[in-house]
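Here the structure comes first, spelled out in structure tokens, and everything after it is commentary.
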Amino acid sequence: MLLSLAVALTSVGAAEAVPRVAAAVTIQNDVFWKDTSGNPIYSQGGGVLKVGGTYYWYGAKYNGAVTYYNNPAAGKNGDTSLSAITIYSSTDLANWKFEGNALTGSDLGGGWVGRIGVARNPNTGKYVLVSQLDSGLVFATSSTPNGRFTRAGTQSSIAGVSTGMSGDQSVFTDDDGKAYLIYSNKSGRSHLYVSSLRASDFLQVDPAKNVYNSSAGGREGNIMFKYNGTYYFCSSDLHGWNASHTYCISAKNIMGPYSSEFVLQGTDADFSHVTQTGLAFTVTGSQGSFVMFGGDRWSDFAGNGLGYNDWVPVTFSGSTPVFHSLSQWTVDAAAGTWAVARGNNYVLNPGAEADRVAQNDLAGWSTTGGAVNSNKQGGHTGRWAFAQSSSSAYTASRYQDISLPNGTYTLSAWVKSSGGQKKATVFAKNFGGSEVSASISQSLGSWTKVTVSGIAVTNGSVQVGVFSDANSGNWVNVDDFSLVQTG
């Protein structure tokens, strides 16, 4: 998982700074994670269960995910056939050991498999895996959290569900050991439900409690976490495994009544770090606690840049959950603390991927010059890049204002350019010093990295972006902005 030991440079916590972490492991997002043996981690649409001091992560390995990993430049593919439901384990939430396959595609007889969760039944002592299987559910059991699971039953309908069966689901285990299925209805997905798993063995889903109906389209990628006695039921838009804001409802009782829907704070500027809601669980240690949000990037699979799994911390300002969109951060699982790492990219939606479709206004960014600004398929990574072009002479900018700690930073981006502009730059300004930039007014026919170093931020903010003062027919494409602290 491209991990290392690192000193936490910036302590961040629930609504204010947490005690400084002496040393912690680093989570690096926006890359393909690898396990402790150096092999790619394949785990999507799954869940995490803590047993003692060990976290077990269950998820799907799709054959298309392997194809995309081996050649991301080939773009999207639609191979959702299942290789296996995988199991990984970790004690530090950063270094994951491959434990083996819980079930293989042949064990389940083919078909669509996904949205996997595991809970331990206190009556039987068995670990129970629940997954979607085609138009129903499949259950499997194991005597250990990391063993092979044995198929133990199926379910074709859930009482009380408008369409008879669950849509995207997850398994939530409460503090008392009771387990629940968190889901929407299979077709349309405008109804949200909570069902307990049958108490005796967890091998059946009990009748549904309809806790919310969406009036603004359906919801999928349904997850749940709990903080200070409040349950948070969160979901994504119906974007087909694509990036989305995260929408939440909350309640003091798991069966409701729930609040009105709200957007999870911090997920709007880059659509939940360019992911779809995938999993959530609470990390509690000797010094604090936070919620781990696991965002999925699929390979069909959406093509939203590199990496299938992007995990970030969620903290609380009072009872309001706050999503921290980070590309690199440190975590001390034993202490229950986290911090922004020095290698974090402070630019949100740096690759123009969050909005998913062709448009002029992109999440996280502001513009001058109107429709001269757009996005263009065929990015340096992912599907999209920023673009400026026009058949008439134009002046335009796309920029982002960023709050960040004082220090020295390096800005970089990947660019293509027609050349010939009066002026075209990747720039940084409003940081307490004079504007600095890299010229991109020369002809650049292939993706070329440009760098602006030594940006001395003294006022806690900076504006970065791309600017063109161009002639008719001039154009620039820009992708993968990066702003990283260097001093």
Side-chain angles (χ1 to χ4, degrees), residues 10-18 27-30 93 219 221-228 230-237 239 242-250 259-283 288-297 304-305 307 309-331 337-341 343-356 361-366 400-405 460-462 464 481-483:
T10 308
S11 294
V12 186
E16 55 190 38
V18 298
I27 293 180
Q28 177 67 59
N29 288 323
D30 308 304
L93 295 173
R219 297 287 178 253
N222 304 290
I223 60 174
M224 178 171 281
F225 53 88
K226 185 180 182 181
Y227 175 78
N228 198 23
T230 298
Y231 299 87
Y232 297 85
F233 186 135
C234 299
S235 312
S236 74
D237 269 315
H239 284 163
N242 222 316
S244 167
H245 302 95
T246 296
Y247 302 90
C248 299
I249 53 177
S250 63
S259 70
S260 298
E261 190 175 67
F262 59 93
V263 174
L264 177 60
Q265 184 176 325
T267 67
D268 53 347
D270 65 353
F271 282 27
S272 311
H273 202 78
V274 195
T275 69
Q276 182 189 38
T277 43
L279 57 84
F281 58 95
T282 300
V283 179
S289 66
F290 64 92
V291 170
M292 183 74 84
F293 178 103
D296 257 330
R297 288 183 185 168
N304 283 329
N309 305 285
D310 288 80
W311 289 16
V312 303
V314 171
T315 59
F316 293 83
S317 177
S319 60
T320 301
V322 180
F323 178 101
H324 299 270
S325 186
L326 301 170
S327 67
Q328 189 187 88
W329 58 290
T330 62
V331 58
T337 56
W338 64 274
V340 179
N344 180 60
N345 179 9
Y346 283 87
V347 181
L348 299 180
N349 192 18
E353 303 294 347
D355 286 308
R356 315 167 317 283
D361 296 324
L362 302 179
W365 294 85
S366 301
Q400 185 172 132
D401 292 307
I402 301 169
S403 297
L404 72 181
S461 64
V462 65
V464 301
F481 278 90
S482 174
L483 182 68

Quiz prompt | Derivation of the side chain to side chain contact (heavy atoms under 4.5 Å, CB included) call for W365 and V347 | solution = CA-CA 10 Å; W365 294 85; V347 181; 3.6 Å; yes
Practice problem: Test side chain to side chain contact (heavy atoms under 4.5 Å, CB included) on F290 and T337 and set out the steps. | Solution: CA-CA 7 Å; F290 64 92; T337 56; over 6 Å; no
Practice problem: Start with the C-alpha gap between T282 and K226, add the side-chain angles, then the distance that decides, and say whether side chain to side chain contact (heavy atoms under 4.5 Å, CB included) holds. | Solution: CA-CA 7 Å; T282 300; K226 185 180 182 181; 5.5 Å; no
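When side chains are defined from C-beta on, S325 counts as touching L348, because their heavy atoms get closer than 4.5 Å. In this structure, the side chains of W338 and H324 come closer than 4.5 Å at one or more pairs of heavy atoms. You'll find the side chain of D30 reaches within 4.5 Å of the side chain of H273, heavy atoms only. When side chains are defined from C-beta on, F281 does not count as touching I223, because their heavy atoms never get closer than 4.5 Å. A heavy-atom distance below 4.5 Å is found between the side chains of N309 and D296.
Under the side chain to side chain donor-acceptor pair (under 3.5 Å) criterion, S366 pairs with no residue, sequence neighbours left out. The ring pair (Phe, Tyr, Trp, His ring centres under 6.0 Å) test applied to Y232 returns F225, F316, not counting sequence neighbours. With sequence neighbours excluded, no residue forms a salt bridge (Lys or Arg N to Asp or Glu O under 4.0 Å) with D270. The side-chain contact (heavy atoms from CB on, under 4.5 Å) check on S259 picks up I249, S250, F262, with sequence neighbours excluded. Among residues two or more places apart in sequence or in another chain, the ring pair (Phe, Tyr, Trp, His ring centres under 6.0 Å) test is passed with F233 by none. Taking N345 as the reference, nothing meets the side chain to side chain donor-acceptor pair (under 3.5 Å) condition, with sequence neighbours excluded. Considering only residues two or more places apart in sequence or on other chains, D237 meets the side-chain contact (heavy atoms from CB on, under 4.5 Å) condition with R219, H239, S244, H245, Y247. In terms of the side chain to side chain donor-acceptor pair (under 3.5 Å) criterion, T320 has no residue partners (sequence neighbours excluded). Take D361 and apply the side-chain contact (heavy atoms from CB on, under 4.5 Å) test, not counting sequence neighbours, and it matches T367. The side chain to side chain donor-acceptor pair (under 3.5 Å) check on T246 picks up S272, with sequence neighbours excluded. Residues passing the side-chain contact (heavy atoms from CB on, under 4.5 Å) test with A363 are F271, N349, A354, D355, sequence neighbours excluded.
A donor-acceptor pair shorter than 3.5 Å can be found between the side chains of N344 and S327.
Atoms OG and CG, on S319 and N228 in that order, are 8.5 Å from each other to the nearest 0.5 Å. Interatomic distance, CG of L404 versus OH of Y346, reported as 6.0 Å (0.5 Å rounding). Annotation: the span from T275 atom OG1 to W311 atom CH2 amounts to 12.5 Å, rounded to 0.5 Å. One distance of note links CG of L362 with CD of E353; it measures 10.0 Å at 0.5 Å rounding.
Sorted by first then second residue, the salt bridge (Lys or Arg N to Asp or Glu O under 4.0 Å) pairs that include residues 310-319, not counting sequence neighbours, are R297-D310.
Residue S236 comes nearest to Q276 through the heavy atom pair OG-NE2, 3.1 Å, listed as atom of the first residue, atom of the second, then distance. Taking all atoms of both residues into account, the shortest heavy-atom contact from A243 to R356 is O-CD, 3.3 Å. Annotation for C248 and L264: closest pair SG-CB, 4.0 Å, computed over non-hydrogen atoms. The two atoms that bring L93 and M292 nearest to each other are CD1-CE, 4.0 Å, heavy atoms only.
Of the candidates L326, V331, V312, T330, V331 is the only one forming a side chain to side chain contact (heavy atoms under 4.5 Å, CB included) with I27.
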